[in-house]
Number of protein chains: 2
Amino acid sequence: MDAPVSIDAKADQPDDELGGLNGIVGFHVRLAHGAVYRNFMETFAHLDLTQKQVSAMWLVADHPGISQIALGQLLRMDRATTMTIVNRLQERNYLRRERSASDARKQALYLTDPGMAVLAEAKTANAAHEAWLRARFTPAEVEKLVELLTRIHE
Amino acid sequence: MDAPVSIDAKADQPDDELGGLNGIVGFHVRLAHGAVYRNFMETFAHLDLTQKQVSAMWLVADHPGISQIALGQLLRMDRATTMTIVNRLQERNYLRRERSASDARKQALYLTDPGMAVLAEAKTANAAHEAWLRARFTPAEVEKLVELLTRIHE
DNA sequence: TATTGTTATACTCTATAACTATA
DNA sequence: TATAGTTATAGAGTATAACAATA
């Protein structure tokens, strides 16, 4: 799985080699995201689902009839980006659009039965992914990490 | 700048609306990364540089003659991905390739003079970006955050 | 006028596969 | 055989701009 980096022992602690970049918080956020992304993709390969797709289905399940614009706001996506996510899920019949009765400008989003079944599988896969991620932290550290990350994105 | 999320006060604290997703560490990593990404892009718009491009130039400057494979390993990219980054920088004359004298399979990478000049500007822009990011933390919190993130990506 | 959705378009990142050159 | 680079190809996320329908 892991690519061999080099021959000497320093390879396992490349901090020294990163130089000034190592002091940049944003750099570590990006590397951590990349690591999480890769493990997610491995864990979800059998379902062929991305983080965004799972997050979107999860939220639609929790908020049946949510509009595209509201879904996008929760996941910090603009309208066009939200379209691509929803389109892909609709093409696979995991999600359907309905015109909102109260406001005809809006699309009300609902999971289909296959969508709900896949989401259940996705939640199981996500538990394994989360376990991989949390394995390196104590519960208190997890809480602290989430609190710090929330300050960045909220 | 900020998109209005909704009318009521809950909009500023969407944690409640995220439901079960809010307890997922990986979800917060992704949202934080997105927020960092967007601020980076705003801050670097005048230079037309991405995080990956800046990181690559920074590392080449710190390691003149580094091979593509080694650069990719430091930034956690495979060979093909590294190619696209290096190609783009080379097309803009920020970076040049040379065959390694010691191992003809390898390309030795060097910044050009324009590349060094742009990197200096990029470091200035990055200082502003980092200030934006660090503004919400104490120095001790920054240290803790970096330590926790490092455990994810190392 | 403002909001929501849609379409078209474009760019970056990421990765796999197959190929060449070199060790 | 293994490593480094290259090329072709593809999918996903992100965003801007312009447009239509509705409020």
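All figures in this text were calculated on a predicted structure; none of them were measured in a lab. Throughout, protein chains are lettered first and strands after them, A, B, ... in sequence-line order, and every chain is numbered starting at 1.
Under 4.0 Å is where a charged nitrogen must lie from a carboxylate oxygen, and between Lys123(A) and Glu121(A) no such pair does. Looking at Glu141(B) and Arg136(B), no side-chain N of the basic residue comes within less than 4.0 Å of a carboxylate O on the acidic one, giving no salt bridge. By the 4.0 Å N-to-carboxylate-O rule, Glu42(A) lies too far from Arg38(A) to be salt-bridged with it.
Put simply, CG on Asn87(A) is 12 Å from P on dA12(D), counting in whole angstrom units. For the pair Asn39(B) CG and dA15(D) P, the computed distance is 13 Å after rounding to whole Å. Taking atom CE on Met41(B) and atom C1' on dC13(C), their separation rounds to 10 Å, with Å as the unit. Nucleotide dC13(C) holds its P atom 17 Å from the CZ atom of Arg76(B), rounded to whole Å. Between Leu31(B) atom CG and dT14(D) atom C1' the separation is 15 Å, expressed in whole Å. Distance Leu109(A) CG to dT4(C) P: 13 Å, rounded to the nearest Å. Note: CD (Gln73(B)) to P (dT14(C)) measures 15 Å, nearest angstrom. Spacing between atom CZ of Phe40(A) and atom P of dG11(D) amounts to 19 Å, rounded to whole angstrom units.
For the contact set between residues 77-85 of chain B and DNA chain D, defined by any heavy atom under 4.0 Å, the members are Arg79(B), Ala80(B), Met83(B).
With distances taken from any side-chain atom of Arg105(A) to the nucleotides dG5(D), dT6(C), dA21(D), the minimum falls on dA21(D). In this structure, the nucleotide among dA23(D), dG13(D), dT6(C) sitting nearest to the side chain of Arg88(A) is dG13(D). For Lys52(B), whose side chain is taken as the heavy atoms from C-beta onward, the closest listed nucleotide among dA23(D), dA23(C), dT14(C) is dT14(C). The Lys106(A) side chain lies nearest to dT4(C) when the options are dG5(D), dT4(C), dA12(D).
For the pair Ala101(A) and Asp48(A), nearest-nucleotide mapping onto DNA chain D gives the more 5' position to Asp48(A). The nearest heavy atom of DNA chain C to Asp103(B) and to Gln107(A) marks one nucleotide each, and the one closer to the 5' end goes with Gln107(A). Nearest-nucleotide positions on DNA chain D place Ile69(B) closer to the 5' end than the other of Ile69(B) and Gln53(A).
Closest of all the heavy-atom pairs between Ser55(A) and Leu21(B) is O-CD2, 3.8 Å.
In this structure, Arg30(B) reaches neither bases nor backbone, as no heavy-atom distance under 4.0 Å exists between it and the strands shown.
At the phosphate of dA15(C), OP1 or OP2 sits under 4.0 Å from a side-chain N or O atom of Arg38(A). Contact check, Gln68(A) against dT6(C): a side-chain N or O comes under 4.0 Å of OP1 or OP2. Contact check, Ser100(B) against dA4(D): no side-chain N or O comes under 4.0 Å of OP1 or OP2. Between dC13(C) and Gln51(B), no contact under 4.0 Å exists linking OP1 or OP2 to a side-chain N or O.
Panel note: side chain Thr81(A), backbone Met77(A); no donor-acceptor pair is recorded below 3.5 Å. Glu17(A) contributes no side-chain N or O that, together with a main-chain N or O of Leu74(B), makes up a donor-acceptor pair within less than 3.5 Å. Side-chain N or O atoms of Glu130(B) include one that pairs as donor or acceptor with a backbone N or O of Val25(A) at under 3.5 Å.
Taking the six-membered ring where the residue is Trp, His129(A) and Phe44(A) present perpendicular rings, their angle passing 60° and hence far from 30°.
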